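Side-chain atoms are counted along with the backbone in the values below, which use heavy atoms only and exclude waters and symmetry mates. The chains referred to below are lettered A, B, ... by the order of the sequence lines, with proteins before strands, and numbering in each begins at 1. Keep in mind the model is a prediction, meaning the values are calculated, not measured.
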Amino acid sequence: MPELPEVETVRTGLAPTFEGALITAVDQNRADLRFPFPENFVGRLAGRKVTALSRRSKYLLADIDGGDVLVMHLGMSGSFRVQHAAAETLPGNFALDRSKDPKHDHVVFHLQTPDGGAARIIYNDPRRFGFMDLIGRAQLAEHAYFRELGLEPLGNDLSGETLARLFRDRKTPLKAALLNQKLVAGLGNIYVCEALWRTGLSPMRAAGTLVTPTGKPTRKASDLADNIRATLQDAIKAGGSSLRDHTQADGSLGYFQHSFAVYDREGHACRTEGCAGTISRVVQSNRSTFYCSLCQR
DNA sequence: AGTGGGACCTGTCCGC
DNA sequence: TGCGGACAGGTCCCAC
């Protein structure tokens, strides 16, 4: 569940349990996910407290007292679930949760919450494109994961002007430009398709065509910036998109997938007011692009 | 320098 | 029912 709105939804779901909790133990069930776990992963976490849980782009960042930051990326199929010991039962008596295949439970954080209760946060990832790392707080910004990350689309930096600066003279298609995490960080296949549809822009159009010869944003560039933000905010409000039964941290499902205008709607009617078009699917950079060739130019 | 294409994994769905 | 192929929300690496 891994574009920005899904990661933000996960952060919101985990924070009440994770923040302030003491990590009493960690089960690390294999040596690697996408990458090997860092040296002494369990030892550097056990006995430590989580002081804050934040997000940058599609990364979750758990601040650990002592100076490490636990960096977590969900890849394509990563998810977390939270289990609390029922207050009225003995500590450690957790409700059974069969919603995931336990053979893909790769990491379990055993926690003691500030109120003295016990909880577990379990990371499940069938495809293992996700990863976890531990990085010193002071090294975080220069680390390879973050050094070249582009602007945060929900921050104040995303605007027609900043898009114009990033897109100027670029011949690359808008779809590829928006998927490039070095330009704007956090968009993925779904929300790029949706934001381009909202703006009436063809995914094939060259990014540089949104910039005037003097480097100013065109009207479309400003609209695109607004629509990227609006699309992400709408999705966060809906609890993200739940595809293929991916559940949120509390087991509930996001519902933004019901609001898709183009993603996974090949052959269906375009939802633009007054547009008679049909949604097409094409492949760009080896990924599916969904768009309406009538109203996206 | 900047791009497209393949690779990394497992699961699921669809057509034969 | 079984099997092969296509496809899936991401990103790194490597040829052009």
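OP1 or OP2 of C:dA8 has at least one side-chain nitrogen or oxygen of A:Ser288 nearer than 4.0 Å. Between A:His104 and the phosphate of B:dG11, there is a side-chain N or O to OP1/OP2 separation shorter than 4.0 Å. The side chain of A:Arg281 contributes an N or O atom lying less than 4.0 Å from OP1 or OP2 of C:dC7. A sub-4.0 Å separation between OP1 or OP2 of C:dT11 and a side-chain N or O of A:His73 is present. A sub-4.0 Å separation between OP1 or OP2 of C:dG10 and a side-chain N or O of A:Arg34 is absent.
Residues A:Thr289 and A:Gln284 bring a donor and an acceptor atom of their side chains to less than 3.5 Å of each other. Side-chain contact of A:Thr9 with A:Thr12: a donor-acceptor pair under 3.5 Å is absent, judged by distance alone.
Across C:dC3 and B:dC9, the matching P atoms stand 24 Å from one another, rounded to whole Å. A distance of about 24 Å separates the P atoms of B:dA1 and C:dT11, rounded to the whole Å.
The number of heavy-atom neighbours closer than 6.0 Å to CG of A:Asn156, taken from other residues, nucleotides and ligands shown, is 12 or below.
Contact of A:Arg128 with B:dT10 (side chain to base): no donor-acceptor pair of N or O atoms is detected under 3.5 Å.
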List, with names and distances, any nitrogen or oxygen atoms from the protein found under 3.5 Å away from nitrogen or oxygen atoms belonging to nucleotides 3-6 of chain B.
from: B:dT3; atom 1: OP2; to: A:Arg170; atom 2: NH1; distance (Å): 3.3
from: B:dG6; atom 1: N7; to: A:Asn286; atom 2: ND2; distance (Å): 3.3

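Of all nucleotides listed (C:dC7, C:dC12, C:dG10), C:dG10 comes nearest to the side chain of A:Pro2. When distances run from any side-chain atom of A:Lys58 to the nucleotides C:dC7, C:dG10, B:dG11, the shortest one goes to C:dG10. Across C:dC7, B:dG11, C:dG10, the shortest atom-to-atom separation from the side chain of A:Lys103 is found for B:dG11.
As a whole-Å value, the separation of A:Asp264 CG from B:dT12 P is 17 Å. Rounding to whole angstrom units, CG of residue A:Leu33 and C1' of C:dC12 are separated by 16 Å. Per the geometry, CZ belonging to A:Phe35 stands 11 Å off C1' belonging to C:dC13, to the nearest Å. For the pair A:Arg147 CZ and C:dC12 C1', the computed distance is 14 Å after rounding to whole Å. Rounded to whole Å, the distance from CG on A:Asp133 to C1' on C:dT11 is 15 Å. In this structure, A:Tyr145 atom OH and C:dC12 atom P are separated by 9 Å, rounded to whole Å. Per the geometry, CE belonging to A:Met76 stands 10 Å off C1' belonging to C:dT11, to the nearest Å. For the pair A:Glu3 CD and C:dT11 C1', the interatomic distance rounds to 13 Å; values are reported in whole Å.
Here A:Phe129 does not pack flat against the base of C:dT11, since the 5.5 angstrom centre distance and 30 degree tilt limits are not both met.
Using a 4.5 Å cut-off on side-chain heavy atoms (C-beta onward), A:Val50 and A:Ile64 make contact.
Ring centroids of A:Phe80 and A:Phe18 are separated by 6.0 Å or more, keeping the two rings apart.
Sorted by first and then second residue, the pairs that involve residues 170-196 of chain A and meet ring pair (Phe, Tyr, Trp, His ring centres under 6.0 Å), not counting sequence neighbours, are A:Tyr191-A:Phe256.
In the hydrophobic clustering of this structure, A:Val69 groups with A:Phe146; members are Ile, Leu, Val, Met, Phe, Trp, Tyr whose side-chain heavy atoms approach within less than 4.5 Å, directly or through other members.
The residue among A:Arg127 and A:Ala144 whose nearest nucleotide of DNA chain C lies closer to the 5′ end is A:Arg127.
A:Asp65 approaches A:Arg48 most closely through the heavy-atom pair O-CD, 3.0 Å.
Of the candidates A:Thr209, A:Asn227, A:Leu224, A:Leu201 forms a side-chain contact (heavy atoms from CB on, under 4.5 Å) with just one, namely A:Leu224. When each of A:Arg120, A:Gln83, A:His84 is tested with A:Thr17 by the rule side chain to side chain donor-acceptor pair (under 3.5 Å), just one qualifies, namely A:His84.
Pairing analysis of DNA chain C (Watson-Crick: purine N1 to pyrimidine N3 plus N6-O4 or O6-N4; G-U wobble: N1-O2 and O6-N3; both under 3.5 Å) yields stems of 3 or more pairs at B:2-8 with C:10-16, B:10-16 with C:2-8.
Checking side-chain atoms of A:Glu152 against main-chain N and O of A:Asp157 turns up no donor-acceptor pair under 3.5 Å.
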